[in-house]
There are 2 protein chains.
Amino acid sequence: MSDRTRSPLSIPLPRPRYGARPTMKDVAARAGVGLKTVSRVVNGEPGVTAETEHRVQEAITALGFRRNDSARVLRKGRTASIGLVLEDLADPFYAPLNRAVEEVARDHGALLINGSSAEDPARERELVLALCARRVDGLVVVPAGDDHRYLEPETAAGLATVFVDRPGGLTAADTVLSDNFGGAREGVAHLIAHGHRRIGFIGDQPRIHTATERLRGYRAAMAAAGLPVDESWVSLGPTSPDRVRAETERILTGRPSPVTALFTGNNRVTATAVRVLARFPRPVALVGFDDLELADLLTPAVTVIAQDAAQLGRTAADLLFRRLEGDDSAPQRVELPTRLIVRGSGELRPAPGTAL
Amino acid sequence: MSDRTRSPLSIPLPRPRYGARPTMKDVAARAGVGLKTVSRVVNGEPGVTAETEHRVQEAITALGFRRNDSARVLRKGRTASIGLVLEDLADPFYAPLNRAVEEVARDHGALLINGSSAEDPARERELVLALCARRVDGLVVVPAGDDHRYLEPETAAGLATVFVDRPGGLTAADTVLSDNFGGAREGVAHLIAHGHRRIGFIGDQPRIHTATERLRGYRAAMAAAGLPVDESWVSLGPTSPDRVRAETERILTGRPSPVTALFTGNNRVTATAVRVLARFPRPVALVGFDDLELADLLTPAVTVIAQDAAQLGRTAADLLFRRLEGDDSAPQRVELPTRLIVRGSGELRPAPGTAL
DNA sequence: CTGAAAGCGCTTACAG
DNA sequence: CTGAAAGCGCTTACAG
């Protein structure tokens, strides 16, 4: 066996991790100084002569030393990291929220650990507790469940928590929401103003706060116009394309007098409804909650109630860091406005004689 | 002052974090057992009588104890967390990749720390090194820069790294890419097959590997068909809507013989080009790299070369965990196929007489 | 079945 | 300006 064959020492071992890394102790030994002096140089603390500093720097470079923040965190008590739990990192609504939280964290020198609850309260809890075990300094949560008593020992110990997009089950926490009720009411009123009297509503599962708030806005707009709501026009449930497609078709073809317009409760519902409408024999007006990329290019272009997902994330993260900096004023509830974007689909009028 | 006024003790203090939390030592004291026994119960290790375990559990509940994983990590050497650095968490292409990496991490009991490089090599480096300082077990990186020598001390110490979407500047690392060259070649060949001879190409900045690979595919398809490329038809640069809009208009109106078709180099370019084409006086064929939501509903629907972002993420994360489990075979380079999705915009033929 | 001691790699509080 | 000692909250290796 030559020297170039695999050494018997490379038999599958678990990879060495920390053991293989130089520590401050190694740097100190090589530079011939004390541990604390290395710490001073690494952290840019004053009180080291240029010559000593130079020797330490040289040892750091030679050894490839990089401070182990895990150890630092243990001693300092702050991890300089925050957690974000939301429904789905891949969702076009939540992705910009995620990015916005990241930017704020970055501005504060913190890292972001995040994950998807997949709308499962048990998974949310598991993820949140894992983040707590890592001792994140704070938590931004889009709650999937409504019982957050499991967080009480954490908040009691000083964990800052902000709920965003939906309220959580913890009265002491800050909350940042969109005006779901007002936005939906405005969108439905917009359809009514264009002559519609029979309007369908397709939304997310009723245990989701935004779904019921938007439904409430729908009902308020209908009531304000003195219009009755036939319960067969209303459908809450999972936003899977299959269900939304089936429900859209059911509501559009309802007998004896089908709806002439549709209000869709979020981006996923709208995307599927638009596909059904594209193949539907008669025109149906549509206003959707949440904006969609390319919505302006469809025929007709899609009128929406837009919320600002990035602003939701930014506001929540700002609040969180304010708490981390010591603000202990009463918990806040911030509500961000929505915006009606008129593009065409919401301004279609009912065919003559069909709106009665 | 009554008891209900604010106590002078609540004068703005930095929030207590760990200090306020019970430790295993506290639990041991309350349960009247040794520290190691608490550790056994918390970690579900065998060798504790039911009665002792019960006492410990009770103390845990009463104190609201939750194990501090920061301390655990320091001792064990593994953090059970991985890092992901990509261009933009909010981008509809990267968001599903992010989610896919998260799912794999979750399957392996690891948390995900992630962040956006914003296509800035310095920011990428800063983020990656912060993740290394936290001692993530592994790293998935969409590189913004091409010099990753700064990672060498880390990989030497055992850090596993996988580059995804683009190759990195570290030959020892695994790499997962889409077939950018082949996909673009196929898309352009598709346009040629529909009668086009003058085809424009608008892509991302030339320092980005995917941009130049796709351009190479364009040139290969043109060359294979014996078609000359007028360099005024080709534009690489930032994907900001302003630049892409201006370049699209320039290329479409080029004198004396403007292009009859366009190949767009990624999702952001396509979204802007589609907007220009929608208002353009004559029809122009289009094939875009990357699929877009609602692309099937535009008029004409957009023909694309789709890559599977989730599969890129999944493959990269799978590779990473295989390395973490001890696989020390030679670095792999995986190339995933792209898929032509025919929808209409890519099958428009040049107006009679314009294709010469 | 149970626990005391040492140690992970840093920072803190002190002393010189 | 510099450094030795103690300690953050766990796990490891060992002894009883």
Side-chain angles (χ1 to χ4, degrees), chain A residues 14 16-56 59-60 63-80 130 132-135 137 157-158, chain B residues 14 16-56 59-60 63-80 130 132-135 137 157-158:
Chain A
R17 302 309 320 281
Y18 297 109
R21 306 219 51 153
T23 69
M24 283 193 180
K25 203 172 149 196
D26 301 321
V27 174
R30 179 170 178 123
V33 300
L35 191 57
K36 177 61 194 165
T37 299
V38 177
S39 175
R40 285 196 181 90
V41 172
V42 168
N43 295 301
E45 288 168 25
V48 182
T49 51
E51 200 273 324
T52 306
E53 173 164 0
H54 183 76
R55 278 221 313 287
V56 172
I60 286 174
L63 296 170
F65 170 80
R66 213 93 79 182
R67 184 181 64 199
N68 182 339
D69 280 357
S70 290
R72 174 167 224 246
V73 147
L74 180 62
R75 192 63 240 247
K76 292 203 82 114
R78 283 247 181 155
T79 57
C132 291
R134 300 301 174 98
R135 297 295 189 265
D137 296 327
Chain B
R17 302 310 318 284
Y18 298 109
R21 304 222 51 153
T23 69
M24 282 193 181
K25 203 173 148 197
D26 300 321
V27 174
R30 178 169 177 124
V33 300
L35 190 58
K36 178 59 194 168
T37 298
V38 176
S39 175
R40 285 198 181 89
V41 172
V42 168
N43 295 302
E45 286 167 25
V48 182
T49 51
E51 201 274 323
T52 307
E53 173 164 2
H54 183 77
R55 279 221 313 287
V56 172
I60 288 174
L63 296 169
F65 169 79
R66 212 94 81 184
R67 183 180 65 198
N68 183 338
D69 280 357
S70 290
R72 174 168 224 246
V73 148
L74 180 60
R75 193 62 239 251
K76 292 203 82 112
R78 284 248 181 154
T79 58
C132 292
R134 300 301 173 98
R135 296 294 190 266
D137 296 326

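Lettering of chains follows the sequences in order, A, B, ..., and the numbering in each one begins at 1. Hydrogens, waters and symmetry mates are skipped; everything else that's a heavy atom, side chains included, is used.
- Rounding to the nearest 0.5 Å gives a distance of 12.0 Å between CG of A/Asp26 and CD1 of A/Ile60.
- Two residues, B/Arg75 and B/Thr37, neighbour DNA chain C, and the one matched to the more 5' nucleotide by heavy-atom proximity is B/Thr37.
- Remark: D/dA15 base-pairs with C/dT2; criterion is Watson-Crick or G-U wobble with both hydrogen-bond distances under 3.5 Å.
- Set against D/dT12, D/dC8, D/dG9, the side chain of B/Leu74 has D/dG9 as its closest nucleotide.
- In this structure a side-chain-to-backbone donor-acceptor pair under 3.5 Å is missing from A/Arg55 to A/Thr52.
- Computed from coordinates, the B/Arg134 CZ to C/dC8 C1' distance equals 18 Å when rounded to whole Å.
- Remark: P of C/dG3 and CD of B/Glu53 are 14 Å apart, rounded to the nearest angstrom.
- Atoms OG1 and CG, on B/Thr23 and B/Leu63 in that order, are 9.0 Å from each other to the nearest 0.5 Å.
- Without hydrogens or angle criteria, A/Thr79 side chain to A/Val73 main chain gives no donor-acceptor distance under 3.5 Å.
- If you take CZ of A/Arg78 and C1' of D/dC8, they are 16 Å apart, rounded to a whole angstrom.
- Looking at the side chain of B/Lys36, the nearest of the listed nucleotides D/dT11, D/dT12, C/dT11 is D/dT12.
- Between C/dG3, D/dC10, C/dC10, one nucleotide has an atom nearer to the side chain of B/Val33 than all others, and that is C/dG3.
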I would like to know whether B/Ser70 and A/Arg134 meet side-chain contact (heavy atoms from CB on, under 4.5 Å); could you show each step before the answer?
CA-CA 6 Å; B/Ser70 290; A/Arg134 300 301 174 98; 5.5 Å; no
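- Remark: P of C/dC10 and CZ of A/Arg66 are 13 Å apart, rounded to the nearest angstrom.
- A straight line from NZ of A/Lys25 to C1' of D/dA4 spans 13 Å, rounded to a whole angstrom.
- Put simply, CG on A/Asn68 is 15 Å from C1' on D/dG9, counting in whole angstrom units.
- Of the candidates C/dT11, D/dT11, D/dA4, the closest approach to any side-chain atom of B/Ser39 belongs to D/dT11.
- Taken residue by residue, residues 40-52 of chain B places heavy atoms nearer than 4.0 Å to DNA chain C at B/Arg40, B/Gly47, B/Val48, B/Thr49, B/Thr52.
- When the P atom of C/dG7 is taken as reference, atom CE of B/Met24 falls 20 Å away, rounded to whole Å.
- Counting only distance, with no hydrogens or angles, the side chain of A/Arg135 and the backbone of A/Cys132 share a donor-acceptor pair below 3.5 Å.
- Rounding to whole angstrom units, CG of residue B/Leu35 and C1' of C/dA5 are separated by 11 Å.
- No side-chain donor-acceptor contact under 3.5 Å links B/Asn43 to the backbone of B/Glu45.
- Listed pair A/Lys76 / C/dT12 meets the phosphate criterion, a side-chain N or O lying under 4.0 Å from OP1 or OP2.
- The side chain of B/Ala71 sits closest to D/dC10 out of D/dT2, D/dT12, D/dC10.
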